[in-house]
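Everything quoted here is computed from the prediction, not taken from an experiment. So you know, we letter chains A, B, ... as the sequences are listed, proteins then strands, and number each from 1.
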Protein chains: 2
Amino acid sequence: MEKLPTIKEIAKRLNVSVSTVSRALSDHPRIGLGTKLKIKQLAEELGYEPNAQAIFFKQKKTFVIGVVIPFIREEFFSQAISGIEAAAMEHQYTILFGQSHDDPEREKAVVEAMKKQRVDGLIISLSKQTNKYEHLEALNKFEIPVVYFDRVPPFKEAHKVFCNLYKGTVDMVGWLFNKGYRRIAFINGPDKLNASKERMNGYIEGISKQKLKVDMQMVEKTDLSKESTHNAMKKLLALKHPPTAIITFNDYVHMDAVQFAQKQNILVNKDIVFVSYANLPITSYTAFPPLVSVEQYPYGQGERAMELMIKILNEKTDNKIINTSFYVEEMPATLVAYQQTIS
Amino acid sequence: MEKLPTIKEIAKRLNVSVSTVSRALSDHPRIGLGTKLKIKQLAEELGYEPNAQAIFFKQKKTFVIGVVIPFIREEFFSQAISGIEAAAMEHQYTILFGQSHDDPEREKAVVEAMKKQRVDGLIISLSKQTNKYEHLEALNKFEIPVVYFDRVPPFKEAHKVFCNLYKGTVDMVGWLFNKGYRRIAFINGPDKLNASKERMNGYIEGISKQKLKVDMQMVEKTDLSKESTHNAMKKLLALKHPPTAIITFNDYVHMDAVQFAQKQNILVNKDIVFVSYANLPITSYTAFPPLVSVEQYPYGQGERAMELMIKILNEKTDNKIINTSFYVEEMPATLVAYQQTIS
DNA sequence: TCAGCATGCGCAAACGATTGTGCAGCTTTA
DNA sequence: TAAAGCTGCACAATCGTTTGCGCATGCTGA
């Protein structure tokens, strides 16, 4: 069992100083060619690799970015993290991973742990329940930049990457209208989510734009649990004039809604058509994927969030001038019709 | 913008030495009560938190475990990583995350990056293509323990956690036999995967146990791509006596196989029944989930892998005696009938 | 009264690497 | 031929923290 070789070890074996070894390995011009060669050869032999911990410790930089998301098992987030990882690798960064499980306490604990690890920055998609931001503002105070993505905070003073679903929702209502649907219902998410407000505004605008009347009986809410969604469906189906089209908050709500409709012997996408958000690959395997989806590009969001982070970090080291402005990146949400892979 | 406070800063403000501050904060008995109080109070005020980078650097420990998996988007792995994370948090460890994308080159690159970050240990599920292990043996050489899970290497000299699917497969064949099926086909994964061999042996044993004859025409292979699975299905359906039951390598192969069957206007689970491995939550949303599945407990595997890792690390610090034996943990794979949630 | 011990704290080395400075010895140039 | 410049290397400080050792001071007991 060998120890990982150090610069010291090389110096001792070759009877030179550690500084000479350090400079030789980084091709410093003031080191003689012969010495360089000897050193590099021995380094190669020993399988020397610089101790990142030591370097980063001295440079006060770790090249580690913390990433906190609600649930990795949600495909949206696993795709997002893939985008983050891809961008990170390209710039020699590594990522520390943590889940909040949509619990603010756990979110706080994870963020603390990452702060202890002295991550260079934090990329986070907030937990549904998060309404206090002290644990995150604490990071700002200590010059650890935070980039939010998808589930971003309501205030302006933050770097964010997100999809604005307003326009996508307007388009979706328009699409349904053009297909002849008039009784368009909407199962929205929790009020406090920004994403819910955007969708809601888009829905109202979309309905109005088609000269239809907004009927609040057609709007239900779910806390995103299966029971809650089933409950919303129950109410919609009990209406005197039940909807002929249902827009659901996301693909998971979609699947739960479809499940409920089937239980009621409703012919999905015949009696009632279902459309949704997210366009996740798994839906292509389900019996009744949304006829049309608002694509939110999770991979792209993750990628952009990471690139933004790197940009911020570079600015921090380059200019000593503290940049007090915040980056806000709004990505387009586009309407995607379901690709018929079956039959 | 404040800097993160250091022990030095506290020492300067209180006109004591850094060693006194360090000892005071860790309740050393030789530090006076009054001094301790003053120091602790100021530390609290400044929001002091020890610089983990510095401590770990000195202690040659990072409390970071590298985790490398093929694809986070596969539910099996996202569940596994949740188990790993849960166990890690419980013991104050954090996890560095990387994906191999089933590419040995990328796997190597990720492992190298983690080695540079001086992770305390590495938990890995091998890429499908990995058949050289130098990049991982390099870690062993430098006393960075490696725990493999699920996709484990063929050799003995390794810590492993996995499900042996042999018995599960025997049981599955038995289940089908009891239900009256006799022409039981099998779409297996790539030969080089251990998991394929286990399943194959189980299949053969299962068939023989029921006094049926093993018909190699009933056994097809897939490289796990959709095309390859469709191709395997094509061959099976073209047989003079096509199967009445099909065992697929995993839930993704299952979904692709079902998709193909539907294209051929075959009544799934009526003309042919499909059974599979993994029992992933998403299959409950699909039109035709496997009638029965061999549950592989990804969360449990991840959890156990992490616990094993911590055990190994503790042994390393406790006894200076190097433990040369390897831990091999075989988890039971149990047969699970599909929970009918629809209708 | 003084050795001996406990108390309370500071000094300095160490972890692995980077980097400014200094100092030889050699070569160049006026 | 001596000042000036270049070449090739070593020394030492530094990052934040821990920890063995040592040095005062005050107290105890014989």
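- Across dG16(C), dC9(D), dT19(C), the shortest atom-to-atom separation from the side chain of F57(A) is found for dG16(C).
- When the nucleotides dT17(D), dC9(C), dA10(D) are ranked by their closest atom to the side chain of S17(A), dA10(D) comes out on top.
- Below 30°, between 30° and 60°, or above 60°: for Y133(A) and F155(A) the angle between ring planes is above 60°, a perpendicular geometry.
- In this structure, H28(B) places its NE2 atom 15 Å from P of dA6(C), rounding to the nearest Å.
- For K58(A) and dA17(C), a side-chain-to-base donor-acceptor distance below 3.5 Å is absent, hydrogens and geometry of angles not being considered.
- When rounded to the nearest whole Å, the span between NZ of K36(B) and C1' of dT7(C) equals 12 Å.
- Considering all non-hydrogen atoms of both residues, P70(B) and S100(B) come closest at CA-OG, 3.3 Å.
- dG16(C) atom P lies 10 Å from atom CG of L4(A), rounded to whole Å.
- Rounding to whole angstrom units, CD of residue E9(A) and C1' of dA17(C) are separated by 15 Å.
- At a cut-off of 3.5 angstrom, counting only N and O atoms as typed in the model, there is a donor on one side and an acceptor on the other between the side-chain of S19(B) and the base of dC11(C).
- Computed from coordinates, the K61(B) NZ to dA14(C) P distance equals 24 Å when rounded to whole Å.
- Under the 30°/60° scheme for interplanar angles, the aromatic rings of F149(B) and F77(B) are found to stand perpendicular.
- Where N15(B) and P5(A) meet DNA chain C, the nucleotide closest to each residue was compared, and N15(B) sits on the side nearer the 5' end.
- Under the 6.0 Å cut-off for aromatic ring centres, F63(B) and F56(B) qualify, their centroids lying closer than that.
- Of the candidates dG16(D), dT18(D), dA17(C), dT18(D) carries the atom nearest the I55(B) side chain, counting heavy atoms from C-beta on.
- Atoms CG (L25(B)) and P (dT18(D)) sit 8 Å apart, rounded to a whole Å.
- Following rounding to the nearest Å, L14(A) (CG) and dA10(D) (P) show an atom-to-atom distance of 10 Å.
- V21(A) comes within 4.0 angstrom of nothing in the nucleic acid, heavy atoms only.
- The nearest pair of heavy atoms linking I144(B) to V119(B) is CG2-O, 3.8 Å.
- Applying the 4.0 Å criterion to OP1 and OP2 of dC15(D), one finds that K8(B) has a side-chain N or O inside that range.
- When the side-chain nitrogen and oxygen atoms of T35(B) are compared with OP1 and OP2 of dG8(C), none of them lie within a distance under 4.0 Å.
- For S22(A) and R30(A), each mapped to the nucleotide of DNA chain C holding its nearest heavy atom, the one lying further toward the 5' end belongs to S22(A).
- Considering only the side chain of N51(A), dG16(C) comes nearest among dG16(C), dT17(D), dA10(D).
- Under 3.5 Å, the side chain of R23(B) and the base of dG10(C) form at least one donor-acceptor pair of N or O atoms.
- Atom CD1 of I39(A) is separated from atom C1' of dT18(C) by 15 Å (rounded to the nearest Å).
- F56(B) comes within 4.0 angstrom of no nucleic acid atom, judged by non-hydrogen atoms across all strands.
- Counting only distance, with no hydrogens or angles, the side chain of R106(A) and the backbone of Q99(A) share a donor-acceptor pair below 3.5 Å.
- Taking 4.0 angstrom as the limit, K60(B) places a side-chain polar atom (N or O) nearer than this to OP1 or OP2 of dG16(C).
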